[in-house]
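Here's the structure, in structure tokens; my notes come after.
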Amino acid sequence: MTAHSAHDGLRVVFMGTSCFSLTSLEALLEAGISVVAVYAQAPKPAGRNYRMQKSVVMEFAEAEGIPVHTPKTLRSADQLELFRSLQANVAVVASYGLIVPQSIIDVPTMGFINVHASLLPRWRGASPIRSAILAGDAKTGITIMRMDAGVDTGDIMAMQSVDIGPKVNHGELEKRLGFLGAEMVVDVLSHLDAYVAQTRKQSEDGVAYAPKIDKESCRIDWNDSAENILRKIMAFSPSPGAWGEVDGIRLKILDAEVLENDVAVKIGCIADGPVVKCRQKSLRLTLVQPAGKNIMSGEDFLRGRCRLLGMVIK
RNA sequence: CGCGGGGUAGAGCAGUCCGGUAGCUCAUCAGGCUCAUAACCUGAAGGUCGUUGGUUCAAAUCCUUCCCCCGCAA
């Protein structure tokens, strides 16, 4: 590290909450960039017994001794005042989860920079990675943009794509994109003037919004092709997990493989393997988790539960 | 005090209600069969039944203490 890096003099405020954002925060610190404050979503009661849980970003920032702010909203005069007092000249946002009002965006001289996990304008919104997998996209990537008041509508500073492998799950892809985003955001901050100069507007074509996911959208409809179901499994693996219900128990399916040769049973019916018949082709369940149990292989799952053979997953 | 499931051999489970020899399916090892095999046959090894205390002639099982894992919900 040279004594006078290109990012000398930057005072960065970081805003993020998830593991995806944490990777970027870590990279900023590692690059010697001065992060003067961190914003993360407020701890909320979560998990068993409703214990208050801090986000990973908050935990990390506290451990690093960086001041952490966890407002429930940024739309207040107090928050604007607080943000001004930080005297940041640039802010980095990565899957923060709160809307940043224009009044705050206007504060830093170099503006707000957002790390988004898709090839914008495709998959603006909250779950870009899942959406890309669900749609069967061949590739996705990271876009670094100048944030504006819209949802992921800002001008693009940098973009890099990665291939979505034939069988990559959300967890793996998120991790990969997290590293790429971290690398890119460090590079952008290190050569800010150059990136600002090449900023361009988003295309009007190919706009797509990533829908919010809920429990029911994670449920598997076996009356679909094996390929589509597999995408769904991958998009929700390892968390929250695509699921079905057999014999009164909830079963998450975390990994599977398409079998070309059809098994001659009803749709949704479990055959040895375990193999489940879909509308087209079949799926062999390779990694599952019954409610209340640990994650196990499909074979293990069936081992002590032979009675499930021939039953239908709903 | 949010609701609920679970901890029994390396793995997945049954047995618990109603106390009485520790079981099943796999994996492992040995032998056999086979041109051959992840197939088949025979046999073996492998458990302080999560922990503490109690009840009992006798506890995986009933009562009790604590620990750990997980699903839902948020």
Side-chain angles (χ1 to χ4, degrees), chain A residues 15-22 39-59 68-74 95-99 125-127 129-130 169-172 174 210-222 229 232-261 263-265 268-276 282-314:
Chain A
M15 298 180 169
T17 299
S18 68
C19 293
F20 174 80
S21 24
L22 180 59
Y39 280 69
Q41 271 190 48
K44 51 185 179 184
R48 295 172 201 112
N49 303 334
Y50 282 107
R51 280 189 303 272
M52 294 296 276
Q53 279 185 359
K54 296 178 181 177
S55 67
V56 287
V57 167
M58 184 176 175
E59 295 265 11
V68 184
H69 304 290
T70 61
K72 293 211 166 67
T73 175
L74 294 171
S95 69
Y96 177 38
L98 279 193
I99 291 174
S127 55
I129 305 175
R130 288 184 212 287
N169 72 32
H170 173 261
E172 294 158 356
E174 182 185 46
K212 223 178 142 186
I213 68 155
D214 58 29
K215 285 294 167 205
E216 210 46 40
S217 62
C218 298
R219 191 185 191 117
I220 295 172
D221 174 13
W222 296 94
I229 295 173
K232 192 167 192 169
I233 291 167
M234 291 296 124
F236 296 123
S237 177
S239 173
W243 60 280
E245 222 174 301
V246 211
D247 196 28
I249 62 157
R250 218 167 143 130
L251 182 67
K252 284 185 182 178
I253 294 152
L254 301 177
D255 199 5
E257 59 193 25
V258 174
L259 291 190
E260 295 298 327
N261 49 333
V263 282
V265 285
C269 192
I270 302 175
D272 201 17
V275 173
V276 180
S282 303
L283 279 179
R284 193 167 85 86
L285 312 185
T286 50
L287 201 63
V288 303
Q289 182 177 28
K293 291 294 200 173
N294 279 310
I295 295 171
M296 62 185 74
S297 73
E299 287 169 342
D300 282 349
F301 171 69
L302 208 50
R303 190 107 54 213
R305 278 168 264 241
C306 308
R307 69 201 162 81
L308 295 184
L309 281 174
M311 295 183 103
V312 173
I313 302 188
K314 288 185 293 233

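To find a chain, count down the sequence lines: A is the first, B the second, and so on, and within it residues start at 1.
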Point to revise | Residue mapping more 5' on RNA chain B - nearest nucleotide basis, A/I295 or A/N49 | key: A/N49

Study note, to complete from the structure: Assign each of A/K252 and A/R305 the nucleotide of RNA chain B bearing its closest heavy atom; nearer the 5' end lies the nucleotide of A/R305

Review point. Would one find a side-chain N or O of A/R48 under 4.0 angstrom from OP1 or OP2 of B/G71?
Key: yes

Point to revise | Residue-phosphate contact under 4.0 Å: A/K215 side-chain N/O, B/A73 OP1/OP2 | key: yes

Point to revise | C1' atoms of B/C69 and B/G32, separation to the nearest Å | key: 43 Å

Nucleotide paired to [N] in any strand shown, Watson-Crick or G-U, under 3.5 Å:
N	answer
B/C18	none
B/G47	none
B/A58	none
B/U25	B/A11
B/U42	B/A30
B/U37	none

Review point. So with a 6.0 Å cut-off around CD1 of A/I99, is the heavy-atom count from everything else above 12?
Key: no

Review point. For A/Q289, which contact category applies under a 4.0 Å heavy-atom criterion: base, sugar-phosphate, or nothing?
Key: sugar-phosphate

Check your understanding: Heavy atoms under 4.0 Å, any strand shown: does A/K44 hit a base, just sugar-phosphate, or nothing?
Key -> nothing

Review point. Side-chain contact, heavy-atom cut-off 4.5 Å: A/I220 with A/I233?
Key: yes

Review point. So do the side chains of A/I313 and A/W222 get within less than 4.5 Å of each other, counting heavy atoms only?
Key: yes

Point to revise | Length of the CD-C1' vector between A/E245 and B/G71, whole Å | key: 12 Å

Check your understanding: B/C3 P sits how many Å from A/R51 CZ, rounded?
Key -> 14 Å

Review point. Hey, are A/K314 and A/E245 close enough for a salt bridge, meaning a charged N less than 4.0 Å from a carboxylate O?
Key: no

Review point. Testing A/I253, A/L254, A/N169 for side-chain contact (heavy atoms from CB on, under 4.5 Å) with A/L287, which one passes?
Key: A/L254

